[in-house]
Amino acid sequence: MSRYCTLHLEGDALPFDLDRTLSCGQVFRWEKKGHWWCGVLGQKPVLIRQEGDLLHFSGAPEEDISRYFDLDLDLEEILAGFPDDPILLQAIDSAYGLRIVRQPAWECTASYIVATFANIPGIQTRLKLLCERFGERIGDGHTAFPSPEKLAASPLCDIRSCRVGYRDKYLCGTAAILSADHGWEERIAALPYRDARRELLRLPGVGKKVADCILLFAFHRFEAVPVDVWIDRIMRTHYLEEDTRYSYDRIADAARQIFGPNAGYAQEYLFAAREMIPDMRKK
DNA sequence: CAGGTC
DNA sequence: ACTGG
């Protein structure tokens, strides 16, 4: 491991909370060992820890760290731009400093395909198995995320052996399409939100929720609002009508209407605080 | 029962 | 439908 560097957090880089950012369930491959978070950035193992407004790290240049954690984003302004409602304010307070990281697009896509209808520990196990089975060794016992080419060329039974169940064919199918489609990231990035989502929806295993996760977490389209069971419940309980069923887009549109153009960020804070937000059953 | 999709 | 915390 290379030498350690320290980044002094100031200006737009504040607020920033590394623990909340890496443990909120947006990324699945970081592991905390003692004070240090261990993960992979690009193709390199990285160690990182926060001490107040100091960010200590090794294994990657400062520019990569700053870009990954989106430290040039004026998060304070985004949070200040949200409406003044008690539920969201409580969520912001409890997860203050959480930043949406810039996930590599393929890793994000593959992760959320295998994440459907599963819980977070299960997702972590699956991704670890996939990385060990198909990822390139990059030293220190770390592996890079498996390339789409590698997964596209692997038998379904090998993929399924990583406990992904029926999602094996989605993962393999999407890997095949994307590995043959050089430039897909640039194309998605250049499209307006609706068109970008329509494009992603053509991938097997990618529905509206997964597509919105990809757009929010990899492409930083903050108008993308992934609506999972938790967000559905929170929106119906506190912002819509509890006993009514709403379509996916109806809830996402309501979120954009209520929270504005950065509704995706509001979604992430509500998700992070999901356990603390009152459930309708408890009322 | 868990951050849905076909 | 898989799968396991």
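Each chain gets a letter, A, B and so on, in the order the sequences are listed, and its residues count up from 1.
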Quiz prompt | A:Arg67, CZ: over 12 other non-hydrogen atoms inside 6.0 angstrom | solution = no

Quiz item: When you match A:Trp230 and A:Pro204 each to their closest nucleotide on DNA chain B, which lands nearer the 5' end?
Solution: A:Trp230

Quiz prompt | A:Arg187 CZ: over 12 foreign heavy atoms closer than 6.0 Å | solution = yes

Practice problem: Return the orientation label for the A:Tyr239 and A:Phe259 ring planes: parallel under 30°, perpendicular over 60°, tilted otherwise. | Solution: perpendicular

Practice problem: Give one of base, sugar-phosphate or nothing for A:Gly25, where a contact means two heavy atoms less than 4.0 Å apart. | Solution: base

Exercise. Hey, can you tell me if A:Trp36 and A:His56 have their rings parallel, tilted or perpendicular (30° and 60° cut-offs)?
Key: tilted

Practice problem: Report the relative orientation of the aromatic rings in A:Phe69 and A:Trp30; use parallel for angles under 30°, tilted for 30 to 60°, perpendicular for over 60°. | Solution: tilted

Pairs under 3.5 Å (N/O, protein and nucleotides 3-5 of chain C):
unit_1, atom_1, unit_2, atom_2, d
C:dG4, OP1, A:Arg163, NE, 2.9

Self-check item: Sub-4.0 Å heavy-atom contacts from residues 245-274 of chain A onto DNA chain B, ordered by number
Solution: A:Gln267, A:Glu268, A:Phe271

Exercise. Mind checking A:Cys162 for me? I need base, sugar-phosphate or nothing, with any heavy atom below 4.0 Å counting as a touch.
Key: nothing

Quiz item: Under 6.0 Å from the CZ atom of A:Arg163, do we count more than 12 heavy atoms belonging to anything else shown?
Solution: no

Quiz item: Hey, where does DNA chain C pair up into stems, meaning at least three consecutive Watson-Crick or G-U pairs with distances under 3.5 Å?
Solution: none

Quiz item: Taking the side chain as C-beta and beyond, is there a heavy-atom pair between A:Asp12 and A:Leu73 under 4.5 Å?
Solution: no

Quiz prompt | Given DNA chain B, 5'-ward residue of the pair A:Phe217 and A:Val206, judged by closest heavy atom | solution = A:Phe217

Exercise. Tell me, yes or no, whether the heavy-atom count around A:Arg194 atom CZ, taken from other residues, nucleotides or ligands under 6.0 Å, exceeds 12.
Key: yes

Quiz prompt | Residue list, ring pair (Phe, Tyr, Trp, His ring centres under 6.0 Å) with A:Phe134, at least two apart or on another chain | solution = none

Quiz item: Under the side-chain hydrogen bond (donor to acceptor under 3.5 Å, both in side chains) rule, what pairs show up with a residue in residues 209-225 of chain A, not counting sequence neighbours?
Solution: A:Asp70-A:His220, A:Tyr193-A:Asp212, A:Arg197-A:Asp212, A:Asp212-A:Tyr248

Quiz item: Quick one: how far along DNA chain B does chain A reach, first to last nucleotide 5' to 3', anything under 4.0 Å to a heavy atom?
Solution: B:dA2 to B:dC6

Quiz item: Can a salt bridge be assigned to the pair A:Arg99 and A:Asp17 using a cut-off of 4.0 Å between side-chain N and carboxylate O?
Solution: no

Exercise. Indicate, with a heavy-atom threshold strictly under 4.0 Å, whether A:Leu203 touches base, sugar-phosphate, or nothing.
Key: sugar-phosphate

Self-check item: Between A:Phe82 and A:Tyr265, ring centroids under 6.0 Å
Solution: no

Practice problem: Ignoring hydrogens and angles, state whether a donor on the side chain of A:Thr244 or A:Arg236 is under 3.5 Å from an acceptor on the partner side chain. | Solution: no

